[in-house]
Structures are given as structure tokens and as C-alpha cells.
Student: 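This is the structure I have questions about; it appears just below.
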Amino acid sequence: MKNSTILKASAAPVALGLALASAPAFAQDAEGEGTASAAVTGPTIVVTGSRIANPNLEQSSPVQVVSADDIAIDQATNAEELLVDLPGVVPGFGNNVNNGSGGFAALNLRGLGTNRNLVLLDGTRVVPSTLTSTTDLNIIPVALVERVEVVTGGASSVYGADAIAGVANFVLKNDFQGAEVSSTMGITERGDGRRFRTDVTLGAGFDDGRGNVALSLGYQNVNPVLQGDREISRKTLFVGGQEIGSGTSVPTRINGDQYDPDTGDLVPTYNTFNFAPFNYFQTPLERFNVFATANYEVTDGVELYTKGMFTKATVQLQLAPSGLFGDAYQFPLNNPFLTDSIRNSICAENDIDAATCAAAGAAADPNDPDYMEVPTTINRRLVEMGPRQTDYTTNQFQVWAGVRGNLTSLLEYDVYGTYGESDRNQRNMNWGLKSRVQQALRATDANTCADPSNGCVPINLFGDGQSISPETVAFINQPAGNTVSTSLAVVSGSISGDLTEEGFLGAQTPIGIAIGAEYRDYSASQISDVSFGTQDEVLGTGAPSPSYSGGYDVKEVFGEIIIPLIEDSFIRNATIEAGLRYSDYSNTGTSLTWKAGGSIEPVDGFKFRGIYQKAVRSPNIAELFLPVTTGLATLATDPCQGAAPANDATLRSICLAQGAPAGSIGSIPAPSAGQVNATSGGNPDLDVETAKSYTLGVVLTPSFVPRLVITADYYNIKITDAITTPTTNDILDPCFGPDGNSPNPSAPECALVGRNPLNGSLNGGGETTGLFLGLTNQGTIETSGVDARITYGMPTGFGGLDFDLGLNWVDEIKFKASPASINRECVGQYSSNCSFFNGEIVPEWAANARVTANLDDFGAISLRWRWIDKVVYEEILSTDGILEDYLEIPSAHYFDLNVRADVNDNMDVTFGVFNLFDKSPPNVSSYIGTTAQNSGNTYPSTYDVLGRRYSVTARLRF
């Protein structure tokens with residue numbers, strides 16, 4: 001929790017939409033771009049979004065493209081950086097997410113969630129790295145990427161389930177020959193956050209060009225940036241602007257009061273803990289990758305091909321020191337470090353008379369008839385252990401093998417199989433085990449535990465931060481962790497090409513078709529050690545990670561057709577297309593997805609296009625099989641806290657019915673660090689969710705302005721039967737009223753809240769269920785908007801100028817967890833509810849522009865501008881107690897300057913300055929959004945928190 005007993009934790013264990021897509025967030029204190037369309041960029045982008053490969057056939061779906069030039073001049077060190085700044089791409093889990101990260105980088109198209117899109121490699125699936133079927137972008141071999149193509153708005157009829165929001169296809173360099181060595185070094189102006197990447201790629205043809213082999217080796221290292229190293233995040237601010245610390249601090253707090261070393265008494269809390277400096281703004285990463293590919297033309301029309309990849313990536317997360325975050329412990333009254341004053345206070349709170357209390361304090365051991373333990377809430381920051389560390393090490397491999405060639409003069413075939421595995425090992429260090437703390441509390445003297453097993457050493461909680469001995473630290477500080485394993489097997493075959501030699505109805509271009517079948521088998525498991533899989537055992541984790549496993553397979557047949565209707569007649573051309581996929585899932589049964597669309601160009605250079613698609617997504621392993629656990633969700637104010645229920649009989653009755661003891665009314669603590677317990681898990685009865693989407697657009701290529709291309713496409717996506725969990729407000733508002741002051745005890749949502757039986761709060765151990773956030777198919781998600789792009793190139797006396805502007809306008813992004821929930825509008829808004837997935841920001845407007853001057857005999861100079869529209873605090877929520885400055889984030893403008901110098905025919909050097917004007921991130925406190933995205937008093941995944949930084953890349957080719 002941030003300012004009280006528990007740290008901010010992620011919703012992985014709470015709001016499964018959050019929990020399922022990431023690792024749990026933990027109590028951290030106490031707690032190159034371009035959207036060129038396929039219609040205008042020609043044969044280089046005819047793959048993504050269709051299996052029909054005739055370059056003369058233009059599909060109706062808009063395609064965004066990150067070109068090879070963009071990749072080179074932006075000096076990206078990982079695949080995440082190639083996509084995150086594209087309009088329409090919302091920050092997912094990346095290296096700016098610390099508390100709540102699962103150690104991977106994920107793609108989030110349209111803000112619909114990282115589990116609703118596909119990441120492809122040369123049009124084929126990549127083994128997921130998580131239980132939620134999310135592909136880790138860290139495994140993509142950036143050195144071999146020729147371009148990235150992004151299709152949004154649904155592509156399930158082409159690629160199968162999970163492609164509700166679209167796909168990102170990383171197209172690799174083909175038939176690479178020669179050698180290329182490149183190295184990139186980057187650093188911030190503050191001298192931290194060093195980034196290093198080096199790649200060696202070798203390729204050669206053989207047998208007179210009939211075969212080719214290529215090998216790429218890569219290494220990447222990213223150093224951390226601490227929040228304590230940036231002014232905005234050195235201290236933690238609450239929503240009112242006040243500086244706030246964690247209530248899990250030193251000295252120890254007992255039942256809400258704090259130990260005073262000078263007197264030995266318990267006094268009102270006087271010292272909190274600043275947890276902010278320990279957290280990362282940039283998480284460290286080390287990655288090794290190997291990629292190899294080979295192909296050989298056995299005979300005319302028959303080519304064998306294969307490729308394989310292996311990646312080892314290690315991501316490290318860090319939080320403030322662990323602690324006893326307000327859980328209840330059985331405190332022995334004969335604890336040797338307990339002062340008489342504190343013992344008497346504990347006895348008084350538990351109605352134990354003085355004589356009995358004194359006798360219990362003098363008891364020799366647990367066998368003494370006077371021995372007594374009482375449930376006691378303890379808050380103590382374990383500063384002696386140092387910061388909490390979590391290492392995620394992912395080992396992933398995948399191999400492909402296939403045969404392709406000409407079936408006839410018109411048709412081609414492609415049959416391949418692929419198999420991949422990913423093992424992501426999580427290791428937690430310096431967290432501590434609750435059971436060992438409990439064992440160490442039961443001591444007969446300062447050096448002897450009542451139960452000496454496992455080398456127990458008594459723990460002294462009563463000191464100024466140095467009272468816990470190194471021997472005790474060694475006893476309680478046992479590593480814990482788990483391994484998430486996934487596997488993917490695919491067998492696929494397709495036939496594509498021209499249906500006839502001649503066109504249809506006089507059209508010159510023949511009809512294009514593609515048909516095929518595919519089988520996929522997906523399995524996943526989470527194997528945790530005993531500590532990590534036990535509720536409340538690992539201190540500060542928010543939720544356990546129990547062992548479980550599951551799997552499913554799917555059989556599919558699919559087909560596509562593109563029909564040119566008219567060419568060079570009374571109109572320039574007209575084309576229609578359609579696609580169909582029939583799927584049979586072992587877990588959810590059969591489903592049908594399809595698309596239908598077309599384009600019409602009345603006159604040369606003026607084209608309309610549109611497509612309608614129905615897509616489905618089957619629930620993933622976590623959504624189906626994750627055991628029910630209690631973790632943390634975001635909540636700043638509990639309606640039952642403080643004096644409110646003492647003055648309102650109706651409110652008091654609700655708090656009591658939810659489990660608050662009568663003696664706690666009037667003094668129920670506020671949420672710890674803006675977080676409360678929440679209980680959730682998988683649901684084996686889930687069915688598929690269904691999306692209906694359409695795009696309508698125009699493409700302008702006027703002949704009177706050569707090299708000018710203008711595209712604009714309206715998109716509309718609606719997901720019904722969405723697999724979702726309610727937000728905290730969906731539970732609390734019906735029960736307590738939107739303002740917290742109009743309680744309704746008859747609301748069924750009141751029964752979905754379980755309180756701490758000791759103090760009535762929504763925090764505590766496993767005995768406090770908090771909010772129940774069940775996973776169902778009752779949700780509805782909608783988004784719509786416009787993507788536009790303008791590109792223009794003009795020759796000059798010194799070479800040429802290229803202009804590229806991409807613009808995204810979001811009309812709506814709405815989320816409704818159930819028919820009874822609010823249909824929450826989140827476009828241009830932020831809070832712990834918006835966006836519904838993990839708290840990312842979806843601005844109403846976003847733009848990305850680049851101007852590049854190509855200089856003869858020198859190289860190129862490129863200036864990029866990125867604009868994020870202003871956003872406001874969620875408008876339907878109360879603003880009471882929130883600093884006015886935190887209710888709006890002004891629009892942000894970022895500029896990057898890159899210069900490429902062509903030293904000679906074989907070598908070039910690129911120098912870049914990113915965040916050229918050193919724009920500072922906005923300050924909105926650390927309690928206004930979710931832990932994953934709102935951290936360090938800002939939104940580090942949306943706004944630049946590192947400041948001005950420099951990068952240089954040298955590339956040698958021969």
C-alpha cells in the first residue's frame with residue numbers, strides 16, 4: 001500500500017481483466033510509423049490482413065506500416081518501441097511499468113486490452129509468454145524486422161481468435177545476404193538509463209541462388225532509472241496534493257498506534273515511510289536472442305523452408321522494502337521484546353484483565369497454562385532486508401518448417417507446422433514469509449524461538465529500524481517464485497492465387513482466392529512453490545499465485561475471395577471481398593467469423609473503401625482456470641471509514657452486515673495506500689466474446705499533386721458478451737451511492753463486500769475478502785473513431801523532403817461490466833476505472849508527424865513530433881478532496897531529432913536526441929489511477945519521465 005498498511009498491488013488477482021493480463025502489482029509501500037494503406041503502397045504490404053498475395057488486389061482494411069527507414073532512424077532497441085507511439089496504439093505493459101508488470105512488453109490496440117490482439121511473425125502466430133495468451137514483444141528479433149504492419153478493427157476471419165482489435169505483423173527480411181553489424185548506445189541527459197544493443201546478421205545464398213541461409217545474433221541491455229532520481233517522483237503525493245507516506249513504517253505500529261522508542265509506549269502515528277524512491281521508472285532488461293532461417297528450392301514449384309528462434313530475457317522489478325502490512329498476527333503476550341506498556345495496551349484492547357495479562361507476560365513457553373496469544377494488527381517496514389526484488393527470466397523458443405510452391409500456374413500452396421515453448425520464471429527476493437514472522441514472534445527469550453525449526457531466530461519489532469538482526473532477516477527472508485510455461489503447436493495449410501486467368505465481367509485482374517485449414521493446440525501452466533502459492537504467505541505480494549494448468553485445441557477451415565468487378569470503365573475500378581472462418585474449440589464449441597467489404601474508385605485518385613467484420617475471442621487459460629484468490633484493487637476512500645457510519649444508521653447497518661465488528665464503527669481505517677482487498681478468479685463456464693466492427697474510409701492520390709497520399713478511415717468496434725470484471729465503483733456505487741453518502745442496503749452489490757473482522761477495513765490478510773470481482777460474459781466494450789494519414793514527398797536540389805502525418809481521433813471508448821453497471825465513457829479521461837483494462841490513458845486526439853530531409857552525399861535529417869491531447873479526470877466521479885491541478889492533464893508535445901550520416905557505401909552512423917526540449921511529465925499524484933499506470937505521481941507509460949536522452953547507432957554492412 002502506498003500510505004498505510006498495504007502497498008499498491010495490481011488487479012491481476014483482483015480485477016481479472018487487469019490481473020489476467022499482467023502479474024499482480026504489489027504493495028509497494030505498505031502496500032517510423034505510418035499508416036499507409038494497402039491500397040496506396042503497392043505490393044510491399046499485401047500480406048497482413050489477407051492470405052491472398054496478388055499485389056494487384058487491394059484489400060479494404062486499412063493498414064498501418066512502420067517502414068525499414070523508420071526502424072533504422074528511430075534506433076529502437078526493442079519491438080515495443082516500434083509500435084507504442086503509433087496513433088491508435090495504447091501503452092500496454094512495458095518497461096515503464098514497475099509495480100504490476102509481469103516482466104514482459106505487450107501490445108494494446110485501441111485500448112481494448114493486450115489479450116484482444118495478435119502478434120505475428122511473417123503472418124504466423126508466436127508462442128504466447130503468459131497465461132492470458134499475450135505475446136512478449138521482447139522476443140521479436142528487431143535486427144531482422146523489415147517492416148511492421150498493423151491491421152486494426154478485427155482480423156479473426158483471417159487469423160483466428162484473439163484478433164478482435166487487430167494484428168501486428170512483424171515482417172522479417174527475406175533472403176538476406178552478406179553481413180550486417182550494428183550497435184546502439186543511449187543514455188539520458190541525467191547520466192542514467194543507459195541502453196545498449198548490438199546485433200550481428202549473416203546471410204548467404206547457395207546452389208546458384210536456389211537456397212539461402214541467414215543467422216542473426218543479438219544482445220540488449222537496459223539499465224534502470226529510479227523514481228528517486230527524478231524530481232517529480234522523489235515523494236509520493238495524495239489526490240489533495242499533500243505529501244503522503246506508507247503507514248507500514250518504522251517504528252512499528254500496533255493496532256494503529258506507533259511505538260515510541262523513547263518511552264516504550266504506543267502513541268498516535270507520527271512517522272510514515274516514503275516508498276517512492278525505490279521504484280523504477282525504467283525497468284532493467286537483459287536479452288539474448290538467436291534467429292536462423294533457411295530455404296531451398298528443391299525443384300520448380302517446390303520450396304522447403306525453416307526458421308527458428310531462441311530468446312532469453314531477464315527483466316528486474318524493484319519495490320520499497322517489504323513489511324508487515326497490517327495483517328493480523330497471533331501475538332504472544334510473553335514476547336521478550338514486548339514492553340509492559342505495549343502489553344497492557346494490547347490486553348486492554350482485547351478486554352483482558354491486568355492479572356491475566358501479567359501472568360501471560362510471565363509465561364515461560366506455549367506449554368505454560370498462563371500462555372496467551374491475541375490477534376494483533378502489525379505494521380512494520382522491514383528496512384533491514386533492503387528493497388524487494390523480482391526477477392523474471394523468460395526462455396522462449398519456436399521452430400517453423402514448411403513447404404510452399406506452385407500448385408498450378410495460377411495457384412500457390414503453403415503447408416507448415418510450428419511449435420514453440422516459453423518458460424517465464426519469477427523469483428522474489430527480500431520479500432519475507434509471514435509464517436516465519438509468526439514463528440519468530442513466538443520466542444521464549446531474545447535468542448530462542450519456541451519452535452526452533454528451520455533455524456528460527458526471534459524477531460525484535462520494537463526499535464528504530466535496526467532492531468531486526470541479520471540472523472532474523474536470513475530466517476524470514478526466503479526466496480519464493482513460480483514458473484509460467486506455455487506451448488503452442490500449429491499445423492496449417494492454405495492454397496491461394498487466381499481463380500481464373502481472366503478477370504470477372506471484363507475486369508483485367510483475375511479473382512483472388514485463398515482457402516485453408518489450421519489446427520492449433522495451446523497449453524499453459526503455472527507452477528508455484530509452496531510459499532508463493534499460499535494466500536498471505538509472501539509478505540507484500542497482494543495475492544498468491546497458486547499452481548494450475550489448462551489447455552485447449554481448435555480446428556478451423558477458412559476461405560477468402562477478392563473480386564474485381566469493374567476496371568477502367570465508366571468508373572476507375574470497383575472491388576468486393578469476403579472471408580469466412582469456421583472454428584471448433586475444445587472448450588467453447590463452434591463459432592463462425594466472417595468479413596465482407598469492398599472499394600470503389602469513381603475517378604483516378606479518389607477511392608472509397610469499407611469492410612464489416614464479425615470476430616470472436618475464446619477465453620484464455622487464466623480466464624478459465626485461475627483459482628480464486630484475494631489480491632488488491634484501487635480505492636482512495638472507503639464509505640465506511642472514519643466517523644461517517646457512526647452518524648448514519650443506514651450506513652452503519654451496511655458496514656456491520658459486511659463484517660465490520662461493532663466496536664470498529666467510527667474508527668474504521670481508510671484504504672491502505674489507496675488499495676483494498678479484492679477477490680477474483682477464473683470461470684470455467686465462460687463462453688466466447690463477440691465483436692462486430694466496420695471501417696469506412698477514403699484514399700486520395702490526386703494526379704495534380706504527385707506523391708501526395710491522404711487516407712481517412714472511420715472505425716467502429718463493439719464487443720458483446722465481453723469477458724470482464726466489474727470496477728470497484730461498479731460494486732460500491734450501487735451500495736453506498738455515487739457520492740458515498742446515499743447508502744442503499746437492499747442493493748445486491750452490498751453482499752459483494754467482505755470486511756476485516758478485526759477493524760472493519762477493506763484491508764488485511766486472507767480473512768478479508770474485500771470486493772468480489774467476478775469474471776463473466778456480461779460485459780460490453782465499444783470504441784470508435786477516425787484514423788487519418790497524410791504523406792507527401794518532394795524532390796529538392798539537395799535530395800528530397802518527405803512529410804508524414806498520422807492522426808487518430810477517438811469518438812468513444814466505453815466499458816460496461818454487466819447490464820447493471822455504468823456504461824463508463826473513458827475517452828480523454830483517466831481514473832482507476834479508465835481505461836477499464838489496466839488504467840492506461842486513451843486521449844481523444846493523438847498525432848505523430850515526421851519531416852525528413854534526404855541529403856545527397858550525406859544521409860538524412862529527421863524531426864518527429866508526437867502530440868497527446870489533453871485529458872481530464874473521469875467526469876462522472878466526485879472531485880471532493882482532489883487538487884484542482886490534478887483534474888486535467890494538458891496536452892503534451894514531444895520532439896525527436898535524428899541525423900543519419902552515410903560514411904561510405906558500407907557504413908552509416910545515426911545520432912538522435914529524444915524529447916528534444918526536455919519536457920517534464922505532468923503531476924497528478926500517485927493515487928488517481930491504477931498502480932500499473934499511475935506511478936511516481938504521473939503516468940510513465942504515456943508521458944516521458946526520463947527527460948532528454950541521446951542515442952547513437954553505427955551500422956556496418958558488407
Student: Does a donor on one side chain and an acceptor on the other come within less than 3.5 Å for D353 and T356?
Tutor: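 Yes, side-chain donor-acceptor contact under 3.5 Å.
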Student: Let me confirm one number: the CG-OG1 distance from L771 to T679, rounded to the nearest 0.5 Å.
Tutor: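 One gets 8.5 Å once the value is rounded to the nearest 0.5 Å.
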Student: Carefully, step by step, assess Y873 and Y886 under the rule side-chain contact (heavy atoms from CB on, under 4.5 Å).
Tutor: CA-CA 8 Å; Y873 183 66; Y886 296 165; over 6 Å; no
Student: Kindly state whether the ring of F462 and the ring of F337 have centres lying under 6.0 angstrom apart.
Tutor: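 No; F337 has its ring centre 6.0 Å or more from that of F462.
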Student: Out of curiosity, Q438 CD to L433 CG, how far, rounded to the nearest 0.5 Å?
Tutor: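 Going from the CD atom of Q438 to the CG atom of L433 covers 13.0 Å.
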Student: Look at E384 together with R380 and state whether they make a salt bridge at an N to O cut-off of under 4.0 Å.
Tutor: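 Looking at R380 together with E384, the answer is yes, because their closest N to O distance falls below 4.0 Å.
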Student: Could you tell me if N759 and S761 have a donor-acceptor pair between their side chains, going purely by distance under 3.5 Å?
Tutor: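 A pair is found: one side chain offers a donor N or O, the other an acceptor, under 3.5 Å apart.
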Student: Using every non-hydrogen atom in the two residues, find where R427 and P479 come nearest and quote the distance to one decimal.
Tutor: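 Result for this residue pair: NH2-CG, 3.4 Å.
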Student: Decide side-chain contact (heavy atoms from CB on, under 4.5 Å) for S832 and L635; before the verdict, give the C-alpha distance in whole Å, the side-chain angles of both, and the deciding distance to 0.1 Å.
Tutor: CA-CA 8 Å; S832 59; L635 184 68; over 6 Å; no
Student: Would you check if there is a donor-acceptor pair between the side chains of N279 and Q227 at a distance under 3.5 Å?
Tutor: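 There is no such pair between these side chains.
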Student: Applying side-chain hydrogen bond (donor to acceptor under 3.5 Å, both in side chains), run through S941 and Q933 and close with a yes or a no.
Tutor: CA-CA 6 Å; S941 292; Q933 296 291 346; 3.2 Å; yes
Student: Once you round to the nearest 0.5 Å, how far does CD1 of I352 lie from CG of L333?
Tutor: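 Reported value, rounded in 0.5 Å steps: 5.5 Å.
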Student: Looking only at heavy atoms, what is the nearest atom pair of L773 and A678, with distance?
Tutor: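 Closest pair (atom of L773, atom of A678, distance): CD1-CB, 3.9 Å.
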Student: Go through the side-chain N and O atoms of Q426 and T390 and say whether any donor and acceptor fall under 3.5 Å apart.
Tutor: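 No donor-acceptor contact under 3.5 Å links the two side chains.
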Student: What residue among T236, N937, N934 forms side-chain hydrogen bond (donor to acceptor under 3.5 Å, both in side chains) with S926?
Tutor: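 By the side-chain hydrogen bond (donor to acceptor under 3.5 Å, both in side chains) criterion, S926 pairs with just one of T236, N937, N934: N937.
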Student: Is there a donor-acceptor contact under 3.5 Å linking the side chains of Q258 and R253?
Tutor: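 No, no side-chain donor-acceptor pair sits under 3.5 Å.
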Student: Where do N923 and T938 land on the side-chain contact (heavy atoms from CB on, under 4.5 Å) test, with the steps shown first?
Tutor: CA-CA 5 Å; N923 184 346; T938 189; over 6 Å; no
Student: Using side-chain contact (heavy atoms from CB on, under 4.5 Å), reason through N763 and N677 one step at a time and then give a plain yes or no.
Tutor: CA-CA 5 Å; N763 299 114; N677 284 19; 4.2 Å; yes
Student: Answer yes if the side chains of T931 and N99 hold a donor-acceptor pair under 3.5 Å, and no otherwise.
Tutor: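 No, no side-chain donor-acceptor contact under 3.5 Å.
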Student: Is the cationic atom of K434 (NZ for Lys, CZ for Arg) positioned less than 6.0 Å from the six-membered ring centroid of F325 and within 45 degrees of its normal?
Tutor: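 No cation-pi geometry.
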Student: Give the minimum heavy-atom separation between G929 and Y939, together with the two atoms involved.
Tutor: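 So the two residues come closest at CA-OH, 3.5 Å.
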Student: To the nearest 0.5 angstrom, please state how far the CG atom of L539 sits from the CD1 atom of I476.
Tutor: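 The distance works out to 7.0 Å.
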Student: State plainly whether the residues R949 and D918 are in salt-bridge range, i.e. N to O under 4.0 Å.
Tutor: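 Judged by the 4.0 Å cut-off on N to carboxylate O distance, R949 and D918 do not form a salt bridge.
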Student: Under 3.5 Å, is there a donor-acceptor pair between the side chain of T269 and the main chain of G256?
Tutor: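 Confirmed, T269 side chain pairs with G256 backbone.
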Student: Of all heavy-atom pairs between M372 and A360, which one has the smallest distance, and what is that distance?
Tutor: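 So the two residues come closest at CB-CB, 3.8 Å.
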Student: Distance check, rounded to the nearest 0.5 Å: L226 atom CG versus Y280 atom OH?
Tutor: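 OH of Y280 is found 6.0 Å from CG of L226.
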Student: Going by distance alone, is a donor N or O of one side chain under 3.5 Å from an acceptor N or O of the other, for D451 and S453?
Tutor: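 Yes, side-chain donor-acceptor contact under 3.5 Å.
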Student: If only side-chain N and O atoms count, and only distance matters, is there a donor-acceptor pair under 3.5 Å linking N430 with Q389?
Tutor: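 Judged by distance alone, the side chains do not pair up.
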Student: Would you indicate whether the side-chain heavy atoms of T283 and V97 approach each other to under 4.5 Å?
Tutor: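 They are not in contact (no side-chain heavy atoms under 4.5 Å apart), so the answer is no.
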Student: Return the OG1 to CD1 distance between T376 and I342, rounded to the nearest 0.5 Å.
Tutor: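 Going from OG1 on T376 over to CD1 on I342, the span is 11.0 Å.
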Student: Is it true that Y329 and E373 share a donor-acceptor pair across their side chains at a distance under 3.5 Å?
Tutor: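 There is no such pair between these side chains.
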